[in-house]
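Throughout, residue positions are numbered sequentially from 1 according to the sequence presented.
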Amino acid sequence: MALLIIVITCFVIILTTSQPCQTPDDFVAVASPGHVMIGGLFAIHEKMLSSEDHPRRPQIQKCAGFEISVFLQTLAMIHSIEMINNSTLLPGVKLGYEIYDTCTEVTAAMAATLRFLSKFNCSRETVEFQCDYSSYMPRVKAVIGAGYSEITMAVSRMLNLQLMPQVSYGSTVEILSDKVRFPSFLRTVPSDFYQTKAMAHLIQKSGWNWIGIITTDDDYGRLALHTFTIQAAANNVCIAFKEVFPAFLSDNTIQVRVNQTLETIIAEAKVNVIVVFLRKFHVFSLFNQAIERNINKVWIASDNWSTATKIITIPNVQKIGKVVGFTFRRGNLSSFHSFLQTLHKYPHINNKPLREYSMLFSACEHVNNSELSKCISNHPQENLTYKDNKAMERNFMKNDFLWHYTEPGLIHSVQLAVLALGYAVRDLCQVRDCQKPNAFQTWEKILSKCSKECSPGQMKRTTRSQHTCCYECASCPENHYSNQTDMDHCLLCNNETHWAPVRSSTCFEKEVEFLDWSDSLAILLAALSLLGISLVLAIGIIFTRNLNTPVVKSSGGLTVCYVILFCHLLNFASTGFFIGEPQDFTCKTRQTLFGVSFTLCISCILMKSLKILLAFSFDPKLQKLLKRLYKPIPIIVSCTGVQVVICTLWLVVAAPAVEENVSLPRVIILECEEGSLLALATMLGYIALLAFICFIFAFKGRKLPENYNEAKFITFGMLIYFIAWITFIPVYATTFGKYLPAVEIIVILISNYGILCCTFFPKCYVILYKQETNTKSAFLQMLYSYSCHSADSLAMSHISLDAANGLVTTNPRPGCQPAAWQKDKGLQTQASPHICQENATRGCKTWPRKRISSI
């Protein structure tokens, strides 16, 4: 912070005096002209030299400690820019660059930043103070760098004055994601939030919970320590010690701190895992000392040094134990490898780092490969000589040395930074002439992306390109959403409660649906149920007012009729429990009420069919069997009781309950889950069994007297019932949604109306419109005619049987003809059993007086 204050003070002095800031020629590391200039910041040297403990003159010091890996990052930027210039990405527009060496110091980086911000095409290269920089034209349009978070943060605060885009290839500190404090900062690497989270997760999964941490005393180290501490606590990992190193090698206390840290590691014998957030030169010094002290631990490496060849090539490095590192994603570096192979042909006039590397390589060519890197880094810069191209070619090709020191993750990150700016310039140059230096301002929104931004509701889909920044936008599928731009994947909605259409940016709450009373179909079905109840009440009134008529008496009397009508009433009423919001009570009541009431109804009709068949049967064997079976009350109670037992077991073992059906994509169906389909099938199957028996009995007596014959109407009613419920099974099995209860309501109404109409409507018709046939005399006259006809038929069957046995056949008796004759004459006489006895003694003996009177 002190250095930043000093730089800002110098900046104010420059502005106040309006004196130009002349930059020495040797301060620019690499430069190449172009229509659009891009700045670069790389720590090519690892430290800045100083002859005194406290500088006395405000001047930039020389740098030392040539860093081969960072030099390669500089070459990666140059190679990427040349690749763009040689492609069709920017036709007619050339990208230029100015690259500066920060020497791993904020001071040098701030000096380079001042030059970036200086006014374009100004001979004095001054930085003007303005209240509004909207029309200000700086020297460069964007900056790539720096690699260290401490330097990047300081540079970014300066670039914010003009909102100049800054794309970092290695700064991972989490605070840089804050767009309020760093609005123009971008990066091609993830923040430390994800790295520390992965580290803590790795430690927790490995079963380690007692660790140590070593960091640097700068923004990167402190923020990484803070973030990791939070992540470790969340994963139940305890930190035994925290050691902090000075941030820069120029600090003379660094070796003291290294020795103190190693003493702490030795003292904490139970700590076998150490997380290291350091720079490469810190780790190099730490590991060299640890090897001497035979310290063997598990080291968790940050992305700063996890792939550093400088660390890997330390002699006897395997003695320190195991290193588990996190690094950046790699890309295809084949073109960069080819570039390194031909590096000796590259001009060195404006590339001071390349010239210096060539001289250092020549000075260290007598050193073996294992010590070559150390020699290049520590060799003094005095007396360095430049050799000819042939000697350079031999040096550059020696064992592919540079390629061996390449850190693929960082090289790829630099390439991505250059490509991002290249595509951004392309988008800006589509509507303007970028050959002019003032074609666009630095603060204009730069679409620094290979692909168009994916909007909310879309996700990124990788293409065949080697770059992760190049992708296609795909719509989120149904029940998925994305609520931010450029999301890697769509998020899944909670399918039980929410849904989302295709390309949705949010999840919508599912609507709860059921067969509501306001639904038009529900209203229609309810109206039909009320109409049925009205008909039941009307029939009850009609039968009550005609209690003593033959039609009512032949129906079994008012009690039986009332029981059957009451069952119909309950059946119609049960449909109301299928409509409305399902409740546990309604779910348990509706099937039970229908099952028991319908069973009671069928049982009563079964007894009526059995009674009719018994009354008009002329087969002695069948008559004897029917007399034994005909026990009305026990049979009705038994048949209904079986159904009551079935329903009771159903309610006890697997009772119906309310269930939310979430299988539909956009709605929740609130429905009654039947609990047991087997119980439902048993209940309906038992009713069907009774109806089938009733149908058989009624079919047997379908040819009984016309006006008083219930049997054939019962037969027809049972047929309607069977047709309705046979149709119900496939329809119910294939219907889904809120209208599923309506299917069962319709079937209940059809079967209930069918039986009600077939059982009572013919009788009501006789009572209301054929009152002359609803008298005792008419009933007996009809009965007499039917009995004589039946007796003749029975006699004919006996005669035919005698003939078959070889007996003489006689003519049938005309004993019952007088009755027909009397009817033709219109005589209103009361038919009695003795008429048949006077005319056909033998024939009418089959119809005893007692039986006729009982009918």
Just by distance, do the side chain of [X] and the backbone of [Y] share a donor-acceptor pair under 3.5 Å?
{"X": "Thr327", "Y": "Ser306", "value": "no"}
{"X": "Glu453", "Y": "Asp486", "value": "no"}
{"X": "Ser377", "Y": "Gly65", "value": "no"}
{"X": "Ser168", "Y": "Gly170", "value": "yes"}
{"X": "Trp299", "Y": "Ile320", "value": "yes"}
{"X": "His35", "Y": "Cys434", "value": "no"}

Testing the 3.5 Å rule here: is there a donor-acceptor pair between the side chains of [X] and [Y]?
{"X": "Ser177", "Y": "Arg187", "answer": "yes"}
{"X": "Gln195", "Y": "Asp192", "answer": "yes"}
{"X": "Tyr220", "Y": "Arg279", "answer": "no"}
{"X": "Lys197", "Y": "Thr227", "answer": "no"}

Do any side-chain atoms of residues 283-290 form donor-acceptor pairs under 3.5 angstrom with protein atoms, and if so which ones, sequence neighbours left out?
| from | atom 1 | to | atom 2 | distance (Å) |
| --- | --- | --- | --- | --- |
| Ser285 | OG | Gln255 | NE2 | 3.0 |
| Asn288 | ND2 | Phe284 | O | 2.8 |

Side chain to side chain donor-acceptor pair (under 3.5 Å) against [X], all qualifying residues, sequence neighbours excluded:
{"X": "Asn304", "answer": "none"}
{"X": "His337", "answer": "Gln341, Asp400"}
{"X": "Ser184", "answer": "Asn160"}

Using side-chain contact (heavy atoms from CB on, under 4.5 Å) as the criterion, list what pairs up with [X], not counting sequence neighbours.
{"X": "Arg293", "result": "Asn259, Leu262, Glu263, Ile266, Ile295"}
{"X": "His226", "result": "Ile230"}
{"X": "Ala240", "result": "Trp210, Glu268, Val271"}
{"X": "Ile376", "result": "Phe66, Ile68, Tyr357, Leu360, Phe361, Cys364, Leu372, Phe401"}

[atom2] on [Y] to [atom1] on [X], rounded to 0.5 Å:
{"X": "Phe336", "Y": "His79", "atom1": "CZ", "atom2": "NE2", "answer": "7.5 Å"}
{"X": "Ile151", "Y": "Ser156", "atom1": "CD1", "atom2": "OG", "answer": "13.5 Å"}
{"X": "Ile300", "Y": "Ile211", "atom1": "CD1", "atom2": "CD1", "answer": "8.0 Å"}
{"X": "Leu416", "Y": "Leu421", "atom1": "CG", "atom2": "CG", "answer": "11.0 Å"}
{"X": "Phe245", "Y": "Ile214", "atom1": "CZ", "atom2": "CD1", "answer": "5.0 Å"}
{"X": "Ile311", "Y": "Lys280", "atom1": "CD1", "atom2": "NZ", "answer": "8.5 Å"}

**Asked** Does anything in residues 160-197 pair up under ring-ring contact (aromatic ring centres under 6.0 Å, His included), and if so which pairs, sequence neighbours excluded?
**Response**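 Residue pairs passing ring-ring contact (aromatic ring centres under 6.0 Å, His included), neighbours aside: Phe42-Tyr169.
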
**Item:** Residue pair Thr188, Ser413: steps toward the side-chain hydrogen bond (donor to acceptor under 3.5 Å, both in side chains) verdict
**Value:** CA-CA 6 Å; Thr188 55; Ser413 182; 2.6 Å; yes

**Message:** Between Glu407 and His412, does the side-chain hydrogen bond (donor to acceptor under 3.5 Å, both in side chains) criterion hold? Intermediate values first, please.
**Reply:** CA-CA 9 Å; Glu407 297 180 25; His412 181 59; over 6 Å; no

Can you name the residues that form a salt bridge (charged side-chain N to carboxylate O under 4.0 Å, His left out) with [X], not counting sequence neighbours?
{"X": "Arg257", "value": "Glu243"}
{"X": "Asp303", "value": "none"}
{"X": "Lys310", "value": "Glu46, Glu67"}

**Message:** Quick check: closest heavy atoms across Ile175 and Arg181, and the distance to 0.1 Å?
**Reply:** CD1-NH1, 3.3 Å

**Message:** Give me the atom names and distance for the closest heavy-atom approach of Met164 to Ala142.
**Reply:** CG-CA, 4.0 Å

